[in-house]
Amino acid sequence: MDQPVPESVEEAFASLSDAAPQGWRVELIEGEIHVTPPANGDHEEIVSELSGQVRDHRKDLGRYTGLGLLLPGGVAHSRVIPDLVVAPKGSFSDRWEYHDPTPVLLVGEVTSRSTGDIDRERKLTGYATAGIPVYLLVDRERDVVKIHSRPSGGRYERTELVSLAQPVTLPEPLGFDLDTSEF
């Protein structure tokens, strides 16, 4: 049986999202669809360590993996699934697949060869435009951690670059140190 041809990028995105095998990520970023296979073990170990350190320092915050965010954009909204979202507990107690990013305090991304450029550039812009206070990027290909903060006008005004294995201080509204030696 022939499938109808999607009339828009939104419809194509919805169709791919519905058809994607479990663990695959389908994201719509600035009008382009990106499909990413499940992460490898090293990637997930870093995400788990990040989540655990947030829990250890801030028990009042929820740590969400696999949570979709709806980011404002020029032509169309982006629908992304960050590796880690940190927000006050209960911020996403609804049935939506993609959420308003207003309560988000931090998004974290861990690069892979297939997503590195998107994480470094397009998601950086999207998170800043959404006003997310802190964007933590663990760049495995470059052996660095970047902390972007103070979003304004679609960009982050402050960026701190730290070599992997060095401690890094997360700015307010988080205000604690991360031990990156486990990354």
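In this chain, numbering begins with 1 at the start of the sequence shown. For the numbers below, each heavy atom of this structure counts, side chains included, while hydrogens, waters and symmetry mates do not.
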Exercise. Does the side chain of Asp119 pick up a donor-acceptor pair with the side chain of Thr111 at under 3.5 Å?
Worked result: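 No, because no side-chain N or O of Asp119 sits under 3.5 Å from a partner of the opposite role on Thr111.
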Exercise. Do the side-chain N and O atoms of Asp83 and His43 include a donor-acceptor pair separated by under 3.5 angstrom?
Worked result: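 The criterion, which ignores hydrogens and geometry beyond distance, is satisfied for His43 and Asp83.
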Exercise. Do the ring planes of Tyr127 and Tyr135 sit parallel (below 30°), tilted (30 to 60°) or perpendicular (above 60°)?
Worked result: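 Because their plane-to-plane angle is over 60°, the rings of Tyr127 and Tyr135 count as perpendicular.
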Problem set entry | Side-chain ion pair, Arg79 and Glu10, N-O less than 4.0 Å |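 A salt bridge is present here (some side-chain N lies under 4.0 Å from a carboxylate O).
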Measuring from atom [atom1] of [X] to atom [atom2] of [Y], what distance do you get when rounded to the nearest 0.5 angstrom?
X      : Y      : atom1 : atom2 : value
Leu178 : Gln166 : CG    : CD    : 13.0 Å
Arg140 : Thr115 : CZ    : OG1   : 8.0 Å
Tyr156 : Thr125 : OH    : OG1   : 9.5 Å
Lys89  : Leu61  : NZ    : CG    : 8.5 Å
Phe13  : Glu32  : CZ    : CD    : 13.5 Å
Leu106 : Leu84  : CG    : CG    : 6.5 Å

[X] versus [Y], closest heavy-atom pair with distance:
X      : Y      : value
Arg63  : Ser51  : CD-O, 2.8 Å
Ile132 : Pro151 : O-CG, 3.5 Å
Val35  : Trp24  : CG1-CE3, 3.6 Å
Phe183 : Val145 : CD1-CG2, 4.4 Å
Pro103 : Pro88  : O-CD, 3.4 Å

For this session: Let me see the working for Trp96 and Leu70 under side chain to side chain contact (heavy atoms under 4.5 Å, CB included), right down to the final yes or no.
Result: CA-CA 10 Å; Trp96 296 103; Leu70 183 63; over 6 Å; no
Would you say that [X] contacts [Y] through its side chain, given a criterion of any heavy-atom pair below 4.5 Å between the two side chains?
X      : Y      : answer
Ser163 : Asp143 : no
Ile33  : Leu16  : yes
Val104 : His99  : no

For this session: Carefully, step by step, assess Val107 and Leu69 under the rule side chain to side chain contact (heavy atoms under 4.5 Å, CB included).
Result: CA-CA 10 Å; Val107 288; Leu69 295 177; 3.9 Å; yes
Exercise. Are any side-chain N or O atoms of Glu27 and backbone N or O atoms of Ile81, one a donor and one an acceptor, separated by less than 3.5 Å?
Worked result: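 Yes: the side chain of Glu27 pairs with the backbone of Ile81.
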Exercise. For Glu109 and Arg120, what are the C-alpha separation, side-chain angles and deciding distance, and is it a salt bridge (Lys or Arg N to Asp or Glu O under 4.0 Å)?
Worked result: CA-CA 9 Å; Glu109 296 284 4; Arg120 290 182 203 104; over 6 Å; no
